[in-house]
Structures are given as structure tokens and as C-alpha cells.
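Here's the structure, in C-alpha cells; my notes come after.
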Amino acid sequence: NDLMLSPKYTTCGGMPDVTAANAEMNWLKQQLAEAKQSGQKAWVMAHIPPGIDPYSTAAKMKNVCTGAAPVVFLSSGKLADLMIEYASTIRLGIFAHSHMDEFRLLEPDAGDPSPSAEHSVAVKVVPSISPVDGNNPSFTVAQVDPSTAALTDYEVIAGSNQTGISTTWSSEYDFAKTYNQSHYSPAALKTLIAQFHADRESKKEMSISYIRNFFVGDRSTALKLFWPQYTCALDNVSTKSYAACICSAAK
């Protein structure tokens with residue numbers, strides 16, 4: 001439960017308070033330190049993902065190249081920084097909140113140590129079983145290698161309608177088959193996201209597949225309108241690196 005890390009979080013008295021957020025981050029760091037010391041592998045699961053909210057940033061017409069701050073999911077970068085610090089222990093991050101099907105890659109900003117498997121965390125944002133954002137309901141079935149705790153593949157199963165009445169369930173897509181990757185890993189995401197960055201007009205097969213699968217029910221056309229800005233959020237977790245990505249792409 002990382003709701004206390006949200007910029008909208010307040011106490012029961014309606015006041016901002018970082019006490020709970022700091023306590024949770026201290027607890028998580030202790031858990032990860034213990035896991036690392038004992039040679040265990042961990043997954044980090046929470047509701048709100050770290051990083052930039054590209055949809056809200058675009059909807060609010062935030063021009064980050066003229067100094068406007070992008071909209072962020074969390075009030076600070078502490079969770080992302082902590083996950084990057086313990087990237088050698090964390091095999092996967094799973095988040096939700098946006099109701100959409102998304103990739104994210106947590107890695108150090110440019111100028112930090114060279115991103116690698118030891119410094120990067122693959123994050124999966126899973127689509128929602130709730131249709132309140134207009135998406136068809138779905139759930140995700142994963143295949144995991146128990147010896148490494150690695151996510152080897154997953155399949156999204158989608159409902160045929162949003163009412164639950166006479167709903168049928170079928171495969172929306174399979175990650176490995178769609179993206180030609182053997183594992184959902186930092187290396188795989190780095191390859192795919194680089195292709196998304198290069199395909200600014202979203203005309204290549206991989207970009208088209210991502211856009212189609214983003215909104216369960218295939219109504220993702222709106223994503224094409226701000227595709228370069230969106231893809232910058234996939235592997236740039238800080239406001240600084242996100243702005244650098246967007247502004248370099250705009251040149």
C-alpha cells in the first residue's frame with residue numbers, strides 16, 4: 001500500500017504528512033537489505049507506480065521544455081531510488097493505478113553508473129479488472145521461473161464487454177509471442193523501449209502492438225497523439241531525465 005506516497009495523500013485531518021511514507025520506505029529498505037544479505041530475490045508490488053504520469057502531463061498541456069513540471073505519480077523519487085539501489089535483488093516490480101497495460105524500466109539517470117542488469121528493474125503495470133476507465137476488464141496470467149524468480153512470460157485475458165453480462169473471456173495478447181522476447185527483463189525492456197523511442201510516428205510493428213494492447217479493448221488511438229512524450233516516461237523516472245528525453249526528441 002503506497003497510497004501515502006501519493007501527492008494527494010493527507011491525514012484524517014486533511015493535512016499533508018510524510019511520517020507514514022518515510023516509515024514505509026525505511027521498512028522496505030530493511031526488507032530489501034535483509035533479502036540481499038541472505039541471497040534472496042524479491043518482487044516489489046504496490047498500487048501506484050513510481051515515475052512520470054505522461055497521460056496527465058499531456059492532458060494538462062504541461063510544456064516541460066519551457067520549465068513546466070510534469071505530473072508525477074508519487075510525491076518523491078524515494079521508491080524508485082530504493083528499487084534501483086537494490087536492483088540486483090529485485091527481479092520485478094508490479095504496479096497498477098493507471099488501469100492500462102504498460103511497461104516501465106527503472107534505471108539511473110544519465111550520468112549515473114551505466115545502466116545494466118545490476119542497476120535496472122523491470123516494472124509491469126497491469127491492466128485493470130475494473131472497467132471504470134472505459135477499458136474492458138482483464139486479468140494477467142504469468143509464467144515464472146521459480147529458480148530465478150524471473151517473469152518469463154505473461155498473457156492478458158480480456159472480457160468481451162464491460163457489464164459482466166454474458167461476458168466471454170479470451171486472450172488479448174501474449175508477451176513473448178507479441179514482442180519476441182524470452183523473458184520480461186530489464187534487457188528486454190531496454191531493447192523494446194529503444195525501438196519505441198526511435199519510432200516517433202508509431203508506425204513499426206512493435207509500437208503498433210503496444211498501442212493496441214495499452215487499452216484493453218483496443219481503443220488506444222489517443223496514445224498515438226503523444227507517443228514520443230509517452231515513451232519518454234517508460235525509462236525516465238525522474239522529472240529531469242523525462243524533460244531531457246522530451247526536449248531532445250522535439251529538436
Side-chain angles (χ1 to χ4, degrees), residues 1-53 70-98 102-126 128 140 142-152 154 183-190 193 233-242:
N1 178 10
D2 64 347
L3 296 183
M4 62 280 295
L5 299 173
S6 167
K8 299 179 181 179
Y9 173 78
T10 62
T11 64
C12 294
M15 299 298 294
D17 191 340
V18 298
T19 303
N22 290 339
E24 183 170 49
M25 288 299 95
N26 290 337
W27 172 85
L28 179 59
K29 183 168 186 175
Q30 180 181 356
Q31 299 302 308
L32 292 173
E34 292 175 359
K36 182 177 182 179
Q37 186 174 16
S38 60
Q40 294 179 331
K41 302 303 179 186
W43 287 15
V44 174
M45 295 179 280
H47 179 70
I48 306 175
I52 308 299
D53 179 348
V71 179
V72 292
F73 283 119
L74 301 179
S75 57
S76 77
K78 289 183 178 180
L79 179 57
D81 291 344
L82 189 58
M83 291 178 67
I84 292 169
E85 180 183 352
Y86 286 92
S88 60
T89 296
I90 300 171
R91 282 294 170 265
L92 182 69
I94 298 181
F95 296 87
H97 187 63
S98 71
E102 303 187 69
F103 300 166
R104 292 289 173 121
L105 179 64
L106 302 182
E107 59 183 6
D109 284 353
D112 288 343
S114 299
S116 67
E118 292 297 305
H119 299 100
S120 304
V121 179
V123 168
K124 184 74 191 82
V125 179
V126 294
S128 172
T140 303
Q143 295 179 19
V144 182
D145 183 340
S147 64
T148 63
L151 178 61
T152 57
Y154 67 82
H183 287 74
Y184 191 86
S185 65
L189 293 189
K190 195 169 186 65
I193 293 171
L234 299 183
D235 59 348
N236 291 281
V237 69
S238 73
T239 57
K240 179 181 177 180
S241 63
Y242 179 70

May I ask you to test the [X]-[Y] pair for a side-chain heavy-atom distance under 4.5 Å?
X	Y	result
Val121	Leu105	no
Met15	Thr10	no
Leu5	Lys78	no
Ser88	Lys36	yes
Tyr9	Ile48	no
Gln40	Thr89	no
His97	His47	yes
Leu189	Tyr184	yes

What are the two closest heavy atoms between [X] and [Y], and how far apart are they?
X	Y	value
Val125	Arg104	CG2-CG, 4.1 Å
Arg91	Ala87	NH1-O, 4.1 Å
His183	Ala150	CD2-CB, 4.1 Å
Ser147	Asp145	OG-OD1, 2.6 Å
Pro50	Leu74	CA-CD1, 3.7 Å
Pro49	Ala96	CD-O, 3.7 Å

Just how far is it from atom [atom1] of [X] to atom [atom2] of [Y], taken to the nearest 0.5 Å?
X	Y	atom1	atom2	answer
Ile94	Leu151	CD1	CG	7.0 Å
Ile193	Asn236	CD1	CG	9.0 Å
Asp235	Lys190	CG	NZ	6.5 Å
Leu32	Glu85	CG	CD	8.5 Å
Ser238	Ile52	OG	CD1	7.0 Å
Lys29	Leu82	NZ	CG	6.5 Å

### Query
Any side-chain donor paired with an acceptor under 3.5 Å for Asp17 and Thr11?
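Short answer, no.
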### Task
Give the intermediate values and the outcome of side-chain contact (heavy atoms from CB on, under 4.5 Å) for residues Phe95 and Leu79.
CA-CA 12 Å; Phe95 296 87; Leu79 179 57; 4.0 Å; yes
### Message
Quick one: does any side-chain atom of Ser120 pair with a main-chain N or O of Glu107 as donor and acceptor, under 3.5 Å?
### Response
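Checking the backbone N and O of Glu107 against the side chain of Ser120, no donor-acceptor pair under 3.5 Å is found.
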### Query
Is there a donor-acceptor contact under 3.5 Å from the side chain of Lys124 to the main chain of Phe103?
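Not at all, since once roles are kept as given, no pair shorter than 3.5 Å links the two residues.
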### Query
After noting the C-alpha distance and the side-chain angles of Tyr154 and Val126, does the key distance pass the side-chain contact (heavy atoms from CB on, under 4.5 Å) rule?
CA-CA 11 Å; Tyr154 67 82; Val126 294; over 6 Å; no
